[in-house]
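Order of appearance sets the numbers: ligands from 1, and atoms from 1 within every ligand.
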Amino acid sequence: MCGIVGYIGHREAYPLIIKGLKRLEYRGYDSAGVVLYDGTDLKLSKTKGKVSDLEERAVKEISLNGSIGIGHTRWATHGVPNDVNSHPHLSNSGNLVIVHNGIIENYEPLKKELIKRGYVFKSDTDTEVLINLIEDVQKKDNLKLGKAVQVALNQVVGAYAICVFDKQKPDEIVVARLGSPLAIGLGKDEFFIASDASPFIEYTSNAIYLEDEEMAIVRLNKPMKVRKIKDDSLVDPYVQELQMNLEQIEKGGYDHFMMKEIYEQPNVIRDTYRGRLHANEGIVRMAGVEDNIEKFTNAQRILIIACGTSWHAGLVAEYIFEEFARIPVEVEYASEFRYRNPIISDKDVVIAISQSGETADTLAAIKLAKEKGAFVFGVCNVVGSSISRESHAGAYTHAGPEIGVASTKAFTTQITVLTMIALRLAKIKGTLSNSEYHRYLLELETIPEKVKEALETNEISKQIASVYKDAPNCLYLGRGYNFPVALEGALKLKEISYIHAEGYPAAEMKHGPIALIDEQMPVVVIAPKQGHYDKVVSNIQEIKSRSGKIIAVVTKGDEQVRALADHVIEIPETSDALSPLLTTIPLQLLSYHIAVMRGCNVDQPRNLAKSVTVE
Ligand code: G6P
């Protein structure tokens, strides 16, 4: 979490840093700050609140000139979000300044030691400890900044992406990474530093992504050097050509990124299967799968590891893999998996699902799985992300940048990738009949058009939202493939509208949640025709007889549920296994509209961050 931006070159740094921080606000938005060197001194402005608050404050507080600067948008870990705890942080001498994304776990003993040595601290942050540690090291041995950063980082336990500079030497920025992402954009006589490439895509399409335990010194008019923090060895960095474009990271006429991303789903699902799915020829192929096909076909078990919405996509995949490929699947929260003593062997295939590819728990879990001998396959959206690099192989979802904190298109594209893998394995293992296999391939190809049709439920979703926007609670029920969709629907509602919502397998309602049902309780029931339709209809009747308000997501033309429900949302017909790709759409729209009507910040819900790089 937290976004960092740095610039050194010939442009004015301030507007570039502010614009970059806005693009990184998905990473955290509790507080923001910027520091510039204007040729005479450091100009620092920081504040609790969003980058727009920083802009208001900075213009009154500091001169905005300077062509070297660093900025930060924060998701608080150590210390409440207030002005003092905001980054950048200065060292005691006032010469060194830092922005940091991550956690210094051993900051307490380091802080105690520094206090003994006369250092004083203004904030409660671990970051202020780090910058003073760097200063202490620098002073003790009269080291250059780069060396001092390196020595200090070797004393640190935790995770970091940092930018540091010294006002006495304002022609270089030192950057380093362990566990938190850091990209360096390479311009002509200028460098851009950021947590991802979005802040600088209009300036350069060449970037280096630092690997863990690497640091770099970016200097004006000098070639950049990348080194290993531990042993000081020089690294030859790989310069990546960026695929992102500006349009992808702007709202494109929508009020919110979330809505734009919901509406992108027909196209991005198509992008996900493009070149991989050839339904008419009966082919589905992904290089990462083909290159490791025996690992998959010999797998005694597939273990899916993920967090949040990605975990829900994993649950859908569990049903799909077991049905199509007859391989046993377990789905685990990465945060639980890593802290027990899981039984894993080299016969297991671990699939790590992550939109950002940076989620700390998922990353740690796959490292553990690798240590235990498992083959790790990553399903990530962000190209070049840590999880994609740490995995033995993988498949990208190609959903394009997802900026709204509530995940939408990542979910449906993850399911698309996982469905394709399951179909490929089913073909090889003969676990689906030829006709079933072909039917699914053809059906998957029609999904983008059907998602488009499902998006036509926007108006009805909005009307329903206006009825229930003030509800304090909401239940989501689904069975089989649509049980994870119920979980995802509830998560969408709670994270952006702050309405308490729970998802349940419809039949489990009888074991507790039914006690909550009265005439005030909206219950969203996912009841497409395929699957366990009759059973779900019985569950709807149970809710109705207790006066619950029923919002049913049904297959077009379903009159039976229409007669029972208070509201119906009709989606196109598809097979049971592919139905989550459609049933999830109206649930995304419903949460979106409720959140907007409640005046919530849809793209940046309170307390959340898009990329959770702390455990
Ligand atoms: C955060 C985000 C969620 C996301 C989860 C996992 O909580 O707010 O939208 O599902 O992290 O993130 P990942 O990038 O690993 O999919």
Which atoms of ligand 1 have any heavy atom of [X] under 4.0 Å away?
X	result
S354	13 (P), 14 (O), 15 (O), 16 (O)
G308	10 (O)
S310	10 (O), 13 (P), 16 (O)
T309	10 (O)
S407	9 (O)

Polar contacts were defined as any N/O atom of the residue lying under 3.5 Å from an N/O atom of the ligand; does this apply to [X] and ligand 1?
X	value
V405	yes
T362	no
Q355	yes
T359	yes

Between [X] and [Y] (salt bridge meaning N to carboxylate O under 4.0 Å), is one present in this structure?
X	Y	answer
K48	D30	no
E290	R424	yes
D271	K409	no

Practice item. Measure up the F375 and H392 rings against each other and bin them: parallel (under 30°), tilted (30 to 60°), perpendicular (over 60°). Key: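 Ring orientation, 0 to 90° scale: parallel.
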
Point to revise | Parallel, tilted or perpendicular, as decided by the 30° and 60° cut-offs, for the rings of H72 and H87 | key: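 Plane angle under 30°, so parallel.
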
Please state which protein non-hydrogen atom is closest to [atom] and give its distance, to 0.1 Å?
atom	answer
atom 8 (O) of ligand 1	A609 O, 3.1 Å
atom 5 (C) of ligand 1	C307 O, 4.0 Å
atom 7 (O) of ligand 1	V612 CG2, 3.9 Å

Review point. Are the aromatic ring centres of Y476 and Y504 under 6.0 angstrom apart?
Key: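 No, too far apart.
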
Practice item. Only one of T583, T309, T584 passes side-chain hydrogen bond (donor to acceptor under 3.5 Å, both in side chains) with E488; say which it is. Key: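 Of the listed options, the one satisfying the test is T309.
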
Practice item. Would you verify whether the NZ or CZ of R177 falls within 45 degrees of the ring axis of Y160 while also being under 6.0 Å from that six-membered ring's centre? Key: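 Pair R177/Y160 does not count as cation-pi.
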
